[in-house]
Structure formats: structure tokens, C-alpha cells
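Beneath this line is the structure, given in C-alpha cells, with notes to follow.
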2 protein chains.
Amino acid sequence: MVTINDIAKLSGVSRTTVSRVLNNSGYVSEKAKKRVLEVIKETGYVPSEQAKSLRTKKSKVIGVILPKISTETSSRVVDGIDRELSNHGYHILLANANLDTDKEIEHFKLLQSRRVDGIILVATNIEDRLIQTIKDVNVPVVALGQDVPGVSSVLYDDYHAAFDVTSLFIKRGHKRIGFIGVDETDRAVGYERKKAYFDAMEKARLNVDPAWVQKGVFDIESGEKAMLTMLADSKEAPTAIFAVTDRLAIGAMQALKKKGIKIPEEMSVMGIGASDLSKYVTPSLSTVDYYNEKAGTETAKLMIEHIKNITEMTRKLSMSYGLIIRDSLL
Amino acid sequence: MVTINDIAKLSGVSRTTVSRVLNNSGYVSEKAKKRVLEVIKETGYVPSEQAKSLRTKKSKVIGVILPKISTETSSRVVDGIDRELSNHGYHILLANANLDTDKEIEHFKLLQSRRVDGIILVATNIEDRLIQTIKDVNVPVVALGQDVPGVSSVLYDDYHAAFDVTSLFIKRGHKRIGFIGVDETDRAVGYERKKAYFDAMEKARLNVDPAWVQKGVFDIESGEKAMLTMLADSKEAPTAIFAVTDRLAIGAMQALKKKGIKIPEEMSVMGIGASDLSKYVTPSLSTVDYYNEKAGTETAKLMIEHIKNITEMTRKLSMSYGLIIRDSLL
DNA sequence: AAATAATGTGTAATCGATTCCATAACGTGT
DNA sequence: ACACGTTATGGAATCGATTACACATTATTT
């Protein structure tokens, strides 16, 4: 591998001068510059970012910790992050936590050892030891999707989105509305969305049969199961189902189809996520677009502001959302 | 940031000894080791992989160049790659080419400047200047999805998969079979699959009306458009449609639904990809599973073999595939 | 013409690790 | 008592860049 020293020797100048033309800084004569550039081209020399980083203490790499790589949300978010970061010469170092807090914590250490300039945490469950880890880390951290105390975060407006969905059902005349959620340790998806559902119901003075409130685990199968239990356990079946994710909603739809219950005539369904799936299932699923890609770019922007010390304080950015009304809704 | 020198000073030993306990190599007394580990714990010292890399010439980072981040195929593949690489202590540095060969080439340079230990290219169109770039790069390169001359590649068996799909239609009694492809500059998806279609038709002595052969661009809309043109232009409509990707197939299905043509009674449809979508559209789409995640891990394994110099020669690995028969097929 | 500013270049220290080599203490077989 | 192998430790070079500083040389100002 050819180094700056080789270039210096071959072009008959010092290392310093080569560095100067590389970064075009300081004074360099046209003649020297031309010669150096020639040699660089001839040799195919590529400066080592590694060595540069060691000296300058900037790696131009951002670590991104994902709860899971292969999900639609993750890939949209990463797409958004990359779009913004690449404009500023940053690269993404990927870290997959695979829904395991221990791994998440381990990744913070690993990313730190690689001297990334910042860490973006696409968050799910926020435990205390995670928060402690983040505090101990000495690079900027920005969270996406969950409100992490003391950390700048880009947040989806889970409460209002869920409130709007429930309210939409109510406005359309539904009185018995079922809910399929996830565990409340997931504060954003589990707790906030559920709270909003109950608040909206209460505000409209609507009763909630406990059997109408079910729980799943982020996949289609569990949505199907939740729907079946709801149908079996409730004295009077709901006329509308709010599932906190599209996959749960689609699972619910599967169950309804199998039971011969017509959507939307006998049962309206809504989800959250605006997944590709939601658009092409039959009937097409009404949902909420969280603009994941935009959330990604906003997170990246916030990160860059932190790195450049434009933003000193921890900031909380709330994303907007958009209801998408399709055929699953009466 | 605390360094190895700080640890050395604080524990009253030399840098060398600290390094020894870090890598547990060479001779270190129990006493010294204990002291050093204490100090490391107290200070929260994390060794700089950067400095280490500079010295050892190994970064333990693999660059992954993707044609597009936010696609189901990409995220599955990356998931598989990460699964294998993380077992060996490697991290992934992401690079998004965004379907642009210039960017692809640029990324090779950038990844090289970061001194990655290897580059995995998830490939689409292979142009000559790309091949030249790969030759100039001095780290192992492994390609996935396209056969790159002189480069170890993990390949999908596009020809046989497409041949099998067409043959399946034929076996079920279809005589008029339509084809929706993509541009042939994409050798694997465009050229190979089309060739297989024609070969299978010819082998069965079936005629192909030129209007039955249409072209799209990887998204659902273009599949819809291709289907409409086919319907409009052909004297006699086909009874089966083979689209080279699931999205194109789903687009075709959309078009058929709008035209009131029943699937599968009046028209059978098949795609390739085993996307999530294929499972949940109505009727469910028959397709071919390419086992993308497995392809990813295989690619990573091959990369590691190259890095460790277990495999010197360029190797070509052909993946298997599986037909998934669902309701879209009569 | 002298003083001052601008331009051009190189020397050497530095970033944070690894690693070769030298040195020393200690046990042990002869 | 001597030689030798084992254990333990540190000094110093090294990886490939940046950068503070010193020193010429040339141009500009007064």
C-alpha cells in the first residue's frame, strides 16, 4: 500500500508538502502541486483515513444501532440517515442489537472503541442500564423513536397519532372499538398508544370491555391470535379494531377473513406504520404514515449539529404524521 | 479520552505490559495483570481500534455497497451478512450506491481510504469501468447477485429459477404465457430470466406473441403499466403471467383487478422474490424464494475465507431456490 | 534601500496502539 | 558454581497521516 511518504519521495518534496496539496491548505507552489498530483495519479495513492483520524480525532463515521436490521422501519430510517450523513462526508457503521439490551450496551462500547464521531440509537425499550451506558459514553448520542432522558431525541407523536386513530373511528360512529397493542415496556408503541386509546374512549364516554384490549408481539401471527382471542372472549364483538402496528392489523385482518367477518362492512381496521404491505392487502389498510425516512434525516441533522457543537443542549424533536384513509375503514 | 499511556502510568507499568494484558499475550505477572485490569475498570478505558488498525493493518470492518438501502432484498441480505460477520468480530460500513455506477465506483475509493478489510458488492449492473475499479482495489471483493468476472461471487440461479417458473405454467396446461421483465443491462434479472423464459417456451414448442413480452423498472406501478400494455397490444391475451420480480407481479395483479380479470381463474400470476408482500396480497402470489439472508451469510463466509487466505482462487457459489405455490396459480 | 509582509518548504513531534529486542531475576540440572 | 531456559518487564521503533514552528526566499511598502 502506497503511503504519503512514498508520494513525498517520488515527487521530491517533503511529507508536509504532500499533506498540504492533499488538504489544499497553506502555501504550495504551482510546480510542486502539479508534480505531487501527477505522482498521486500514477501510483493510485489513497490517503489513509485511519491515520488521519488518529491524528485529527475525527473519524467521520457515525455508529447506528438498530433493534433489528431487516424491518421496513429500520431500512427506511437508515436510508434517511444515510441520505443526510453522506452529504457531510460521514459513513454509517452498522450495529444490530437484535432486540437484546445486552447487545445494545455492548455495541456502545464497540462503537466507542472504533472512535465513531457519534452514535444514533434507533430505540425500543429503554432500561436504566442503557441510560447509564449512554451517559458514560463520551460521544454525542441521538435517539430515534423513544424519549431517552438526557439525550437528544427525534420522536414520533405516538400519543396524538393513536388518539387521532381512535377518534376517527368514533367520529365515524363506532362505539365498540377494540385495541391490539404490545408490551408497555416499549414506552412509545406499547404505553403511549394504549394510553391515547383509553383517553380517546373516555373522552367520548365510551365503555371498554377488557376483552377488547389484546396484546401481540410485532408480527402478523400474533395479530391474528390477538384478534381471535378478542372475538372469543368478548360478550359483544367490537365494530372496529385499532392495532398499534400494520403487521398486527394485517394479522387481525387475516383472522377476520378466516372467521368470515367482512372488512370493512362488519369490522373496520386501522394500523400504524404506512408499510408497503398496508397498501396492497385486500382491502387496503388504513394507517398512519410516520415518515420514517424523514425522521432518519432529521436525526442525522441533529447529530451533525451536535458534532459541530451548534446545538449544545439536549433537544427533543417531535415528528408530524399523516393519516392514510383506505378501504379497511367504514 | 484515556489512552494506553494513562493506564500504564496509573498502574505503574509500561505501555508494553498494558498491551500484553489487553491481548493476553507474552508474559505478565498475576500482580501486574490484576493492577492493570483494576485501573482499566476504574477509568473506563476503551482501547482505540483506530490506533490498533494503523499498526496491525487490519480494521475488522467490511464495506458493503448496496444498490439501494431501503428494499426488502437489501435488508435481508445485510441481515445475513451481519449475522455471519459479527460472529468474527467484524463490523459493517454501509455504502449506498443508489443505483448509480458513478457512486458505486466512488464508494470503492472511499471504502479503500477507510482501509476496510474487504468489500462486499451487492450488484446490479456490471459495467466495464466497475470491473476495472474492482481490479484496482487491493482488498478482497466478493459480489452478490451478479457474476462479476474475476471476482468471487455468490449467485442466484436466475436461469433455472425462471425456467422452472415458466415450465410450471406449461405443466399446468398454459399455452399463452406473458412475461414482464426488466432491462437486460441487468444481466441476472433482465437477461438470464428472460432467456430462460424463451428457452422454456421454445422447448415446449409454444409460440410467443411479441406483445406478451413487456418491460418494467422494479416497481409496482411499472408492473401495472406493463400489464395494461400487454392486454391492449396482444391479439389473444395470455392465460398466465411471469413477472421477474414480486413487485412487478403485484403491479400486474393490480392491473388485472382493475380490468376485472379474475386471478387465478382467468389469469395465473407468478413472481420472484418471496417478498412479504407476496404472502399477503389477495390472492396470495406464487413466487420463488431466493433465500436472501442465506445468500448474505454465504457471501460473508466467502469474504472471511478470502481474508484469511483460506480461499485463494476466485470462487462462484450458486444458491439454491424454492418455488412457493400459492393462490395466484391455476 | 531598509523594513515588513507574503510565500514556499522542511524538521520533528504527535496521535494510540503493537512488537522486536534487550535486560534482569530466578529456578534448576549438571 | 556455571550455563541455560523460563518468566517478567521496559525501551524504542513503527504504522500514516497532521501541524506547530523555524527558516528561507521573494514581493511589497514606505
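So that the names make sense, note that chain A is the first sequence line, chain B the second, and so on, each numbered from 1.
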**Study point:** Distance in angstrom units between A:Q50 CD and D:dA17 C1', rounded
**Key:** 11 Å
Exercise for review: Would you list the pairs meeting side chain to side chain donor-acceptor pair (under 3.5 Å) in which at least one residue belongs to residues 94-104 of chain B, sequence neighbours left out?
Suggested key: B:T101-B:E127, B:D102-B:R129
Review point. Is there a donor-acceptor pair closer than 3.5 Å between any side-chain N or O of A:D79 and the backbone N or O of B:I69?
Key: no
Point to revise | Distance, rounded to the nearest Å, where A:D6 contributes CG and D:dC15 contributes C1' | key: 13 Å
Side-chain donor-acceptor contacts of residues 20-30 of chain B below 3.5 Å, not counting sequence neighbours, with atom names and distances?
{"unit_1": "B:N23", "atom_1": "ND2", "unit_2": "B:S19", "atom_2": "O", "d": "2.8"}
{"unit_1": "B:N23", "atom_1": "ND2", "unit_2": "B:S19", "atom_2": "OG", "d": "3.4"}
{"unit_1": "B:S29", "atom_1": "OG", "unit_2": "B:A32", "atom_2": "N", "d": "3.2"}

Practice item. Look at B:K57 and D:dG16 and indicate whether a side-chain polar atom (N or O) is within less than 4.0 Å of OP1 or OP2. Key: yes
Review point. Considering heavy-atom distances to DNA chain D, does B:K33 or A:E49 have its closest nucleotide positioned more toward the 5' end?
Key: B:K33
Exercise for review: Tell me what B:V18 touches on the nucleic acid: a base, only sugar-phosphate, or nothing, going by heavy atoms under 4.0 Å.
Suggested key: nothing
Review point. On DNA chain D, nearest-nucleotide positions of B:G26 versus B:R115: which is more 5'?
Key: B:G26
Practice item. Without swapping roles, check the side chain of A:S74 against the backbone of A:K68 for a donor-acceptor pair under 3.5 Å. Key: yes
Check your understanding: Parallel, tilted or perpendicular: which describes the rings of B:Y156 and B:Y290, with under 30° parallel and over 60° perpendicular?
Key -> parallel
Pairwise N/O distances under 3.5 Å, protein to nucleotides 19-24 of chain C:
{"unit_1": "C:dT19", "atom_1": "O4", "unit_2": "B:T16", "atom_2": "OG1", "d": "3.3"}

Please enumerate all protein N or O atoms sitting under 3.5 Å from an N or O of nucleotides 5-8 of chain C, with distances to 0.1 Å.
{"unit_1": "C:dT7", "atom_1": "OP2", "unit_2": "A:Y27", "atom_2": "OH", "d": "2.8"}

Practice item. Return yes if some donor-acceptor pair links the side-chain N/O of B:D117 with the main-chain N/O of B:K60 below 3.5 Å, else return no. Key: yes
Review point. Got a donor-acceptor contact below 3.5 angstrom from the B:N292 side chain to the B:R76 backbone?
Key: no
Exercise for review: Check whether any side-chain nitrogen or oxygen of B:T17 sits under 4.0 Å from OP1 or OP2 of D:dT9, and answer yes or no.
Suggested key: no
Exercise for review: For B:N125 and B:Q146, test the side chains for any donor-to-acceptor distance below 3.5 angstrom and give the result as yes or no.
Suggested key: no
**Study point:** side chain to side chain donor-acceptor pair (under 3.5 Å): pairs with one or both residues in residues 43-55 of chain B, sequence neighbours excluded
**Key:** none
Review point. Is the shortest side-chain N/O distance from A:S14 to OP1 or OP2 of C:dG10 below 4.0 Å?
Key: yes
Check your understanding: Is A:E298 paired with A:K294 through a side-chain N to carboxylate O contact shorter than 4.0 Å?
Key -> yes
Exercise for review: May I have the distance from B:R35 (atom CZ) to D:dA8 (atom C1'), rounded to whole angstrom?
Suggested key: 18 Å
Check your understanding: Whole-Å distance between D:dT14 P and A:N5 CG?
Key -> 11 Å
Exercise for review: Estimate the overall bend of the helix from C:dA1-D:dT30 to C:dT30-D:dA1 from the end axes over five pairs each, rounded to 10 degrees.
Suggested key: 40°
Review point. Side chain of B:S152, backbone of B:R315: donor and acceptor closer than 3.5 Å?
Key: yes
Review point. Between D:dT18 atom P and B:L54 atom CG, what is the distance in whole Å?
Key: 12 Å
Point to revise | Gap between atoms CE and C1', on A:M1 and D:dA17 respectively (whole Å) | key: 14 Å
Review point. So, A:S153 side chain and A:L155 main chain: donor-acceptor pair closer than 3.5 Å or not?
Key: no
Exercise for review: Round to the nearest Å and state the distance from B:K52 atom NZ to C:dT18 atom C1'.
Suggested key: 9 Å
Review point. What is the distance, rounded to the nearest whole Å, between atom NZ of B:K58 and atom C1' of D:dC15?
Key: 13 Å
